[in-house]
Amino acid sequence: MTDSLYKNLNAYINNSRAEFEAKLETLVNIPSISMDPERKGDIQRCADTAVEFLKGIGAKAEAIPTKGNPVVVGEIITDPKNPTVSIYNHMDVQPADASEWNKAPFTFDKVGDRYEGRGTTDDKGPGLTALFAVKYAMDHGVPINVKFIWELEEEIGSPNFESFVKANKNRLKTDSVLVSDTIWIARGKPAVPYGLRGLQAITLTLETHAKDIHSGLVGGAARNPIGELCDVVAKCYDANTGKVKIKGFYDDVRKATKAEIGSFVNSGFTSKGFKKAHEIKSLRPNLKSEGDVLQAIMSLPTFELHGIVGGYSGPGVKTIVPHKAEAKISMRLVPNQSPAKILKLVKDFIKQINPDVKVNAEHALEPFLGEFGGPYADAARTAMKFAFGKDPAFTREGGSIGAVVTMQNHLKCPISFLGLSLPEHGYHAKNENYDWGQTSGGIKMFVKYFEEIARL
Ligand code: BES
Ligand code: MN
Ligand code: MN
């Protein structure tokens, strides 16, 4: 099959470019922001469009409602005896602050080979790349069945995904899952991750009086909730090194082995390139080597302060004593930490320091550790090398994809990550983008992967 399978592939990829761009434009121009309750209509419009795109390549497809946003599913069954792969992507996106961007975030733009707009790389572009590869594989008789799972609540921690999977267990039956929502370490050097960090998000709230008061009247006597939250946060972690000071926090961390760290370092990572891609001025002073930086982002947990809300934040200084404050925090967790256990540790710790602070649990996601080897990892390696000319590095992602652990628990099958995003694509950042190089290579990569796993 190999020769005839690949004979038309380059021509197919080139001939598909205009259609790929038109479809990406359609999706990016729909602001499917799952975090924003006012975008329910856009979420539905995105789901309906996605269903049309799936039907367009001959899949049976529909948007299945949940208590929250729908999940779009599709399938092409070539023969029940063939192996089935289920491809996971998400079609919801992060919000975007238009004032930070160089362009309108929810208007697709094409600048040479670059595609700009919120969701281009996370994760509409990679999702469409897989769709175009499936069409080619189906038209050329690759003997696999394909199912699609396109979520619309990934960016809010997949709160309804587990009930969706439980309710649709039969139709989701599969031999393997392919996730395309991850990132390489550097352009030109493919990465195949085998782990994800988990997450426990919390908000801390403190209200010490009923209204903001003139500090000339009560200053010196009244408590200051913003200051007290800062004190609590400072006792939870060392802001210079990031080291968490809560007793027991690191107890369950599964240390990365020498071999794993070696593999991280082999990914093409340089601290200089990392800083450039993310526009970072300097890194934490305790990170002495590239291995230290990689462990910090891949295999160690974090404590991160995302925002403090409260008081006066307009121009100049307004002399009030604020009456309430909120701190938004998350902890990235690694195998084998448990979000529930960490939450309890943090709650107990904060209660001791300042019993008036309320600790509210937000999303919780379990960390994920997959297979480093085995036939699917081999297929991923072969496919990446075939398409991009280099052996991939096996890495762990510092981010989280809530649906992955759910699929592992309920679908009970191998899960591979064949992502296409790059650091400079700007996940969640201003000026998010994706590009034709990753698309065209990506189509090749997926076709090869399908051929490889069709044999398993
Ligand atoms: N695609 C990302 C996950 C990711 C991030 C993979 C970084 C590799 C590197 C995903 O869309 C995402 O942003 N997940 C969120 C989930 C959260 C909002 C519950 C995350 O990791 O913050
Ligand atoms: Mn994503
Ligand atoms: Mn994301």
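We count ligands from 1, going down the list as the structure has it; atoms in each ligand are counted the same way.
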Would you call Glu326 and Lys324 a salt bridge, using N to O less than 4.0 angstrom?
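No, Glu326 and Lys324 are not salt-bridged.
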Can you check side chain to side chain contact (heavy atoms under 4.5 Å, CB included) on Phe53 and Leu27, steps first, answer last?
CA-CA 10 Å; Phe53 286 179; Leu27 287 178; 3.8 Å; yes
Asp122 versus ligand 1: do any nitrogen or oxygen atoms come within less than 3.5 Å of each other?
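Yes: some nitrogen or oxygen of Asp122 is under 3.5 Å from one in ligand 1.
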Output yes when the distance from some N or O of ligand 1 to some N or O of Gln94 is under 3.5 Å, and no in every other case.
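Between Gln94 and ligand 1, no N or O pair is found under 3.5 Å apart.
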So which heavy atom in the protein is nearest [atom], and how far is it from that ligand atom?
| atom | answer |
| --- | --- |
| atom 17 (C) of ligand 1 | Leu199 CD2, 4.2 Å |
| atom 11 (O) of ligand 1 | Glu154 OE1, 2.7 Å |
| atom 6 (C) of ligand 1 | Asp181 O, 3.7 Å |

Per-atom contacts of ligand 1 with [X], taking only distances under 4.0 Å to non-hydrogen atoms:
| X | value |
| --- | --- |
| Ile183 | 8 (C), 9 (C) |
| Leu365 | 19 (C) |
| Glu397 | 8 (C), 9 (C) |
| Gly157 | 19 (C) |
| Gly399 | 4 (C), 5 (C), 7 (C), 9 (C), 21 (O) |

Ring geometry between Phe148 and Trp150 (parallel below 30°, tilted from 30 to 60°, perpendicular above 60°)
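Perpendicular, since the angle between the ring planes exceeds 60°.
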Using the ring of each side chain (for Trp, its six-membered ring), is Phe274 parallel, tilted or perpendicular to His278, with breaks at 30° and 60°?
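Because their plane-to-plane angle is over 60°, the rings of Phe274 and His278 count as perpendicular.
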At what distance, to the nearest 0.5 angstrom, does [atom1] of [X] lie from [atom2] of [Y]?
| X | Y | atom1 | atom2 | value |
| --- | --- | --- | --- | --- |
| Glu155 | His363 | CD | NE2 | 9.5 Å |
| Ile64 | Asn160 | CD1 | CG | 13.0 Å |
| Thr270 | Lys275 | OG1 | NZ | 9.5 Å |

Please state which part of Arg332 comes within less than 4.0 Å of ligand 1, counting heavy atoms only: side chain, backbone, both or neither.
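Under 4.0 Å from ligand 1, Arg332 contributes side-chain atoms alone.
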Between Glu155 and ligand 1, which residue portion shows a heavy-atom distance shorter than 4.0 Å: side chain, backbone, both, or neither?
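It is both parts that get close, each with some atom under 4.0 Å.
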Evaluate side chain to side chain contact (heavy atoms under 4.5 Å, CB included) for Tyr194 paired with Glu260, printing each intermediate quantity in order.
CA-CA 11 Å; Tyr194 60 93; Glu260 286 183 283; 2.6 Å; yes
Just give me the atom name: the N, O or S atom of Asp122 closest to the Mn ion (ligand 3).
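The Mn ion (ligand 3) is closest to the Asp122 atom OD2, counting only N, O or S.
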So if I apply the side-chain hydrogen bond (donor to acceptor under 3.5 Å, both in side chains) rule between Ser330 and each of Gln200, His306, Glu362, which one comes out positive?
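The side-chain hydrogen bond (donor to acceptor under 3.5 Å, both in side chains) with Ser330 is passed solely by His306 among Gln200, His306, Glu362.
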Angle subtended at the Mn ion (ligand 3) by OE1 of Glu155 and NE2 of His428, nearest 10°
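With the Mn ion (ligand 3) as the vertex, the angle is close to 90°.
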Proximity flag Arg197 to ligand 1, non-hydrogen atoms under 4.0 Å:
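The answer is no, since Arg197 has no heavy atom less than 4.0 Å from ligand 1.
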Flag this pair as yes if the NZ/CZ of Lys245 is under 6.0 angstrom from the six-membered ring centre of Phe303 and inside a 45 degree cone about the axis; otherwise no.
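No, Lys245 and Phe303 do not form such a contact.
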Between Phe164 and Phe161, is the ring centre distance below 6.0 Å?
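Under 6.0 Å, so yes.
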In Asp181, which N, O or S atom comes closest to the Mn ion (ligand 2)?
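Asp181's closest N, O or S atom to the Mn ion (ligand 2) is named OD1.
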Please state which option from Pro126, Ser400, Ser421 has its nearest heavy atom closest to atom 16 (C) of ligand 1.
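Nearest heavy atom to atom 16 (C) of ligand 1 lies in Ser400.
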